[in-house]
Amino acid sequence: MALFDNPFDARRRLARGGCSCGAHASQAAHDAAPTGEAAMERAVEGAVMRALFPHDAERRAFLRSVGAATALAAVSQFFPTTLVTEAFAQGAKPEKTDLKVGFIPITCATPIIMAKPMGFYEKQGLNVEVVKTAGWAVIRDKTLNKEYDAAHMLAPMPIAISLGLGSNPQAYTMPAVENVNGQAITLAMKHKDRRNPKDWKGFKLAVPFDYSMHNYLLRYYLAEAGIDPDTDVQIRAVPPPDMVANLRADNIDGFLAPDPVNQRAVYDGVGFIHILSKEIWDRHPCCAFAASEAFIKETPNTYAALLRAIIQATAYASNKDNRKEIAAAIAPANYLNQPLTVVEQVLTGTFADGLGQVRRVPDRVDFDAFPWQSFAVWILTQMKRWGQLKGDVDYAAVARQVYLATDAARLMKQDGFTPPETTTKSFSVMGKTFDPAKPKEYLDSFQIKRAG
């Protein structure tokens, strides 16, 4: 059943359909859907019916038995949906409206950046200064010191901060993913005839940060080719803005980097795109919107408004028809400081690969805000695999604490989107299935690793 369908209609199934916003069974249903207060009340009624009847067949049988009017009266008697609707719709006033949010100038930060020039923050009553920052360690330190209220972070960073990896432990959260896919392995032009990673022994390779999807995906890719990432190659941390210069200076042989770094290397003629990260793991998380647990507890209304702006911006960015408009908004010097053509090639997925080909990969980068907790479990297995995380770990508990899927789902529903019904899912990395319920078995299956 789509979000705004009548939950008291016994003919409706509780199944997601498809329309321009993703919340209705069809485009016709989208066009006919209620709006405003009626839409919110319908969403609340639907949530109640889902909770009472998690199995669709039971709900439909109940409605056929007693009728829609009787069912609505019974539910309203015990659960005042009108009052809940009013509470959801009001949106309490933010405790703090002037905020600083740090970001690294890469396309992974698109929702956080574009929300400023395109008015998403202002719509929520917030005056947000998005602050360009030099590197991930600086982002981390400024957020921990409360110079930033929230920040663009790599998806593993809130986990690392919460566990005290690389810094003093502090409860940190990730309520929204910024982007999925959006990375690539780029090599120097001199290696265009060395495409097989088995031949990369002795390479010097760069990633943006030790606690990054870039590091874990590069290590995974190398290990699958029989290359030990700790003994057969050198992997060093280089801030994304410095990567192309290091490639040009022959300080490194390549990198697994966020965009637009990869495309800028092609644009400058110093590198070629070897493989997109989506070819390693399609729809993997990359970057995130992150905030401290203290910020959430001290200013809950501000947090909700900020997260709502990010979710709405992410949804806008997920529509590929909006990508050129977004590219024009974020390319200028105060944001990405990149040629517009470079940013457009990344966001539209039509790009030169540096080897004479023009590739068309519409989801080279995509935007999906939902913070799947199974992403966090996978990241934890890789932290364990490469010796960053010692001892026993309660994978599921850490994932629930840091990846705030419930908050994201609640605000998505309020804004008319249909979030997933679960917080975990299985996926495949280089053809190998990951089951988030069996992290130890997954970790034990690898031959190349530092710890089990």
Side-chain angles (χ1 to χ4, degrees), residues 20-23 35-37 39-40 86-133 139 142-143 146-153 173-179 287-292 295-296 298-319 321-337 340 343 347 367-370 404 407-408 410-417:
S20 58
C21 78
T35 57
E37 188 173 317
M40 188 65 72
E86 291 174 356
F88 278 1
Q90 285 172 0
K93 184 178 179 181
E95 301 88 352
K96 178 181 180 181
T97 56
D98 292 337
L99 303 172
K100 285 187 176 181
V101 176
F103 75 94
I104 301 292
I106 54 179
T107 49
C108 304
T110 291
I112 285 175
I113 299 171
M114 63 177 269
K116 178 62 177 180
M118 300 180 75
F120 287 90
Y121 295 129
E122 285 74 9
K123 182 181 176 182
Q124 300 301 325
L126 301 175
N127 177 32
V128 175
E129 179 186 357
V130 288
V131 186
K132 187 190 296 188
T133 310
I139 282 271
K142 284 183 176 290
T143 49
K146 297 186 177 181
E147 293 179 56
Y148 295 159
D149 297 283
H152 162 216
M153 285 190 176
T173 68
M174 193 190 95
V177 171
E178 282 296 281
N179 71 298
C287 287
F289 165 68
S292 70
F295 174 75
I296 295 172
E298 292 167 8
T299 55
N301 299 333
T302 299
Y303 159 71
L306 188 57
L307 179 53
R308 185 177 290 110
I310 296 298
I311 289 174
Q312 291 178 354
T314 303
Y316 192 83
S318 70
N319 186 335
D321 292 340
N322 299 329
R323 299 286 177 83
K324 287 194 173 184
E325 174 194 5
I326 294 169
I330 67 175
N334 54 327
Y335 299 127
L336 296 187
N337 193 27
L340 179 58
V343 183
L347 293 184
F367 303 93
D368 184 347
F370 194 74
L404 301 184
D407 283 9
R410 174 173 57 85
L411 292 177
M412 285 178 176
K413 288 178 181 177
Q414 288 181 24
D415 284 346
F417 304 114

Please enumerate all residues that pass side chain to side chain contact (heavy atoms under 4.5 Å, CB included) together with Ile296, with sequence neighbours excluded.
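Only Thr173, Tyr303, Leu404 meet the side chain to side chain contact (heavy atoms under 4.5 Å, CB included) criterion with Ile296.
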Checking Ala304 now: which residues fulfil side chain to side chain contact (heavy atoms under 4.5 Å, CB included) with it, not counting sequence neighbours?
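None.
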What is the distance from atom CD1 of Ile112 to atom CD of Glu178, rounded to the nearest 0.5 Å?
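The CD1 atom of Ile112 sits 3.5 Å away from the CD atom of Glu178.
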As an exercise, state the distance from CD1 of Ile113 to CD1 of Ile330, rounded to the nearest 0.5 Å.
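That separation rounds to 5.5 Å.
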How close do [X] and [Y] get, heavy atom to heavy atom, and via which atoms?
X	Y	answer
Phe367	Ser318	O-CB, 3.3 Å
Leu306	Ala150	CD2-CB, 3.9 Å
Ala176	Ile310	CB-CG2, 4.3 Å
Val177	Asp368	CB-O, 3.4 Å
Phe103	Ile139	N-CD1, 3.6 Å
Pro332	Ala329	CD-O, 3.5 Å

Under a 4.5 Å cut-off applied to non-hydrogen side-chain atoms, are Tyr316 and Ile326 in contact?
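Yes. Closest side-chain heavy atoms under 4.5 Å.
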Side chains of Thr97 and Tyr121 in contact at under 4.5 Å (non-hydrogen atoms)
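No, their side chains stay 4.5 Å or more apart.
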Does Gln312 have any side-chain hydrogen bond (donor to acceptor under 3.5 Å, both in side chains) partners at least two apart in sequence or in another chain, and if so, which?
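Result, side-chain hydrogen bond (donor to acceptor under 3.5 Å, both in side chains) vs Gln312: Gln124, Asp415.
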Check this for me: Lys132, atom NZ, are more than 12 non-hydrogen atoms of other residues, nucleotides or ligands nearer than 6.0 Å?
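Correct, the count exceeds 12.
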So does Lys93 get a backbone contact from the side chain of Asn301, meaning a donor-acceptor N/O pair under 3.5 Å?
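Confirmed, Asn301 side chain pairs with Lys93 backbone.
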In a check of side-chain hydrogen bond (donor to acceptor under 3.5 Å, both in side chains) between Lys96 and each of Thr302, Asp149, Thr299, which one passes?
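When Thr302, Asp149, Thr299 are each tested with Lys96, the side-chain hydrogen bond (donor to acceptor under 3.5 Å, both in side chains) holds only for Asp149.
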